[in-house]
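Below, chains carry the letters A, B, ... as their sequence lines are ordered, and counting in each starts from 1.
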Amino acid sequence: FQDQAEQFFRSGHTNNWAVLVCTSRFWFNYRHVANTLSVYRSVKRLGIPDSHIVLMLADDMACNPRNPKPATVFSHKNMELNVYGDDVEVDYRSYEVTVENFLRVLTGRIPPSTPRSKRLLSDDRSNILIYMTGHGGNGFLKFQDSEEITNVELADAFEQMWQKRRYNELLFIIDTCQGASMYERFYSPNIMALASSQVGEDSLSHQPDLGIGVHLMDRYTFYVLEFLEEIHPASQTNMNDLFQVCPKSLCVSTPGHRTDLFQRDPQNVLITDFFGSVRKVEITTETISLDSDLAGFESKLPKDELATEPQKYAEQLPVAQIIHQKPKQKDWHPPGGFILGLWALIIMVFFKTYGIKHMKHVF
Amino acid sequence: RTSITSRYETVYRSTTAQEEAALDVATAREADAALHLLQDASLGALTVYVVPETSSHLPQGINVYVGKHRSALVRAGGGLATLRTRLQQLTQVMSFTASSIAAALSDRLPDGQLGPDARRHLKSSLGYEITFSLLNPDPKSHAVDWDIEDAVNRYVQPVLDKLSLVANFSVDSQILYYAVLGVTPRFDKESSSFLLSAHSLPHVINPVEARLGSSAASLYPVLNFLLYVPERSHSPLYIQDKDGAPVSTNAFHSPRWGGIMVYNVETPASPQASLPLHVDVDMVRVMEVFLAQLRLLFGLSREELPPEFLLESPGNEGLANWELDRLLWAHTVENIATVSTTLTSLAQLLDKIGNIVIKDDVASEVYRAVTSAQSAMAKLAVGHLHSAFQASKEAVTSSERAFFDPSLLHLLYFPDDQKFAIYIPLFLPMAVPILLSLAKIVREARQRKKEPTKMD
């Protein structure tokens, strides 16, 4: 009976995915890259393999000419922890981190040529962790200084995911200024959200490093990372502990969370349900009996060689077409109603103002 | 809201002379083989023969014998009520049940009806990739040889051929060296062996998974079967179940992922044997476990049977025809449900964003999905399982292609309020002088109308 009770409170997921997004670029946003890489490191340590992590970074820190310690990204003041490491696998780097690509990853509407490592191949039994960091405002998050994603778009993307059952449960963590505004508009079930600050508050950074010259991490993620360092794959810590991380005295901003869309009680949700990859296993008790003498060879005819056409390397650049291309005949469309109306209005006003006698010069 | 109903169609008849002759053999197995040749049972249909109580086919204590094709023998006796119960139990075992249909639809049922463990079987997919991996963490001590190609041809391929109706399968294999498990096994003095307890098993897979690799080209779900040869310092290694007893198969599996088996190398008789020891893996034993795990991953379990049932082993084919039918029923229902939710969701998306552009090929995929789904539902209602399954597969392919078309990203189409927000700041200042001049014109026209009367 206790087994059944245990089972009821457990999550029903069979695999874990993580989508970690850093939406800033440029050297002074070092801390956002360090944030994301710290979460990446924790998630890998707790068991989620690279094939199940979609990491989106501008990735211009480690090899930045202003970096006094090249090929490293540190997350701690005394340069104790190099979160860049040897085995980081960035899936979307530099200018590929756009709102469009992010939404394509979430909804799955990806061009067929996208490689497997850039896809979120989750199913209805996947628990997904989404972590976003960068500069944000009330209801939006800035992507690479050129575009924004609004909370409505994000909520719609999650709804598209839910319709197609692309997740079992989703944990959304955001570390930006006014982060709580990003999760206000969620309406799909099974989503739990955490933010580093409420609407109207700024998320502050932790400490500058005088050797590197920039702030290394944001406060909220720094304390979350400290918390995660205590977690190992078999730990039973639950989400309520994560909600207590970084109180106002340490963080200056007030972290918020949202659990009304989530079905299970946060008390029963383990940290490793999202940050780690603890698989459900069953002991195999059945076997089948195989007859080793059965001549499998006889019954198996050699597979006919499928007649394949000789492959040709596809022309990358249709050079012949480009050289001999004639300028495309653009079909001429008469101007539409709006433009015509505008012109008529302007002409009428002109002639009315300056007198109708000028009209006879036109005709 | 949609609902699904299911029913069985039962036809009663007496046996033909040929069937009588076929049943006139010594054992049930021979009878089953002979009857199979006579039947032209199509996919989804079952034939049940009721044999007299004193029949010698069924051993003592067994009242129902289920063959490996699509027929069964039921012992009469004890009255019609007993017979009816036995027939009901038989249909529960051999054909679809309300709970198996519910399990196939588990992600669309209202929550709370099924527990979280309800649906762990592989989802219906157009293809699956199977990868066999040999993990050798200690190549200095063990030089392991496995003839995987031969084993796949002999044992795995017949099963996959049988399952080829369900999906396309592709098989590959690899050997990984210095791949250790994530858990250190304990040494048990009593059995002088190393033990992996049941609660440490979930952590075994993760460190290995990163190295398993998966095909970059295919998007089908991957099933991994790992054969682990423990290091010499950790041999022999046994897996313990929850009660502490060693598991006979020495294997465990994870739903929707695959299975792991631990293969212990016998310690050589003489301790001075030269390292590395040469190990020839007994592929029959290994494949028996792996194929059983494959069956379990697909949801074909033979565990819960009423006590008086005897199931014929399917042999090298891996699964009986009626098990294949069960799989097809579940997959067809799941496919149709997937199509209906996908298309509904797509329609809702199009309603929400009024100015989304539907390309011609997306539209044709949607039409094809709808016609295929309708034909699948019609065929399913009549019981033509094969054609219903094919139609449902087509429907799923078309609907997925339509839904996941890259042009349907809602980001690319602006809602009307954003358009106003962009164009108003441009046109409003432009329109001010125009509107003022219009007002002036109207005023002058009115004044001129009054003027002529005054001037004269």
Side-chain angles (χ1 to χ4, degrees), chain A residues 4 7-8 10-12 14-15 47-51 99-100 103-104 107-112 115-117 119 121 123-125 153 156-157 160 163-165 189 233-234 263 276-292 294 296-297 299-300 345-346 348-349 352-353, chain B residues 107 111 115-117 119-120 123 153-155 157-158 198 201-203 205-206 209-210 214 216 219 239 241 247-249 251-257 259 284 287-289 291-293 295-296 301-303 313-316 318 341-342 345 349 403-406 408-411 434 437-438 441:
Chain A
Q4 269 191 342
Q7 283 190 6
F8 183 72
R10 269 187 347 199
S11 160
T14 57
N15 55 43
I48 304 187
D50 273 312
S51 53
V99 175
E100 182 184 337
L103 290 178
R104 283 196 190 281
T107 54
R109 297 200 166 100
I110 284 191
R116 196 182 172 113
S117 60
R119 291 178 189 248
L121 296 169
D123 55 29
D124 61 314
R125 285 274 169 256
E153 283 173 353
D156 286 341
Q160 289 285 296
Q163 298 264 332
K164 215 41 188 99
R165 297 296 186 276
Q263 290 194 331
S277 173
V278 181
R279 299 198 175 267
K280 309 282 182 289
V281 296
E282 289 164 15
I283 306 277
T284 311
T285 43
E286 293 181 15
T287 45
I288 67 175
S289 54
L290 287 175
D291 193 354
S292 61
L294 201 63
F297 294 109
S299 55
K300 187 165 160 9
L345 194 59
I346 292 174
M348 201 181 75
V349 168
K352 250 319 174 192
T353 323
Chain B
D107 54 352
D111 301 304
D117 291 342
R119 172 69 171 172
R120 308 267 222 80
K123 275 173 65 109
N153 281 338
R154 277 182 137 191
Y155 307 118
Q157 202 52 49
L201 292 178
H203 309 297
I205 301 180
N206 287 330
E209 171 139 31
S214 47
L219 295 172
I239 298 180
D241 63 11
V247 175
S248 57
T249 55
F252 63 97
H253 61 277
S254 177
R256 298 208 186 177
W257 184 81
V284 180
M287 279 305 163
E288 283 182 348
V289 174
L291 290 174
Q293 288 177 336
R295 281 171 48 102
L296 290 170
S301 155
R302 289 185 165 201
E303 297 264 274
S313 151
N316 280 27
T341 40
T342 309
S345 160
L349 176 71
F403 187 86
F404 285 118
D405 190 82
L408 293 178
L409 194 64
H410 63 276
L411 179 69
I434 293 180
S437 310
L438 266 176
I441 289 167

Heavy-atom contact with chain A under 4.5 Å, split by part of B:Leu408: both
Shortest non-hydrogen contact between B:Pro255 and A:Glu282, atoms and distance: CG-OE2, 4.0 Å
Side-chain heavy-atom pair B:Thr341, A:Gln163 within 4.5 angstrom cut-off: no
Interface moiety of A:Ile346 toward chain B, non-hydrogen atoms closer than 4.5 Å: side chain
Region of B:His253 that comes under 4.5 Å of a non-hydrogen atom in chain A: both
Side chain, backbone, both or neither of A:Leu345 within contact of chain B (heavy atoms, under 4.5 Å): side chain
Stacked cation flag A:Arg104 on B:Phe404, 6.0 angstrom / 45 deg: no
Partner set under side chain to side chain contact (heavy atoms under 4.5 Å, CB included) for B:Ser248, not counting sequence neighbours: none
Min side-chain heavy-atom separation B:Arg295-A:Ile288 under 4.5 Å: yes
Test side chain to side chain contact (heavy atoms under 4.5 Å, CB included) applied to B:Arg256 and A:Asn15, step by step: CA-CA 8 Å; B:Arg256 298 208 186 177; A:Asn15 55 43; 5.6 Å; no
Worked verdict on A:Gln160 versus B:Phe403 for side chain to side chain contact (heavy atoms under 4.5 Å, CB included): CA-CA 10 Å; A:Gln160 289 285 296; B:Phe403 187 86; 3.9 Å; yes
Residue part contacting chain B, namely of A:Leu121, when any heavy atom lies under 4.5 Å: side chain
B:Lys123 with A:Asp124: basic N within carboxylate O range, under 4.0 Å: yes
Among B:Ala198, B:Ser437, B:Ala251, residue most engaged with chain A (heavy-atom pairs, under 4.5 Å): B:Ala251
Proximal component of B:Val284, with respect to chain A [non-hydrogen, under 4.5 Å]: both
Selection from B:Ile239, B:Val289, B:Leu296, B:Leu349 maximising heavy-atom pairs under 4.5 Å formed with chain A: B:Leu349
From A:Arg165 atom CZ to B:Thr342 atom OG1, the distance as rounded to the nearest 0.5 Å: 10.0 Å
Atom of A:Lys280, atom of B:Ser254 and distance for their closest heavy-atom approach: O-OG, 2.9 Å
Heavy-atom side-chain proximity of B:Asn206 to A:Arg279 below 4.5 angstrom: yes
Part of B:Leu409 lying under 4.5 Å from any heavy atom of chain A: both
A:Thr284-B:Gln293 side chain donor-acceptor pair, cut-off 3.5 Å: yes
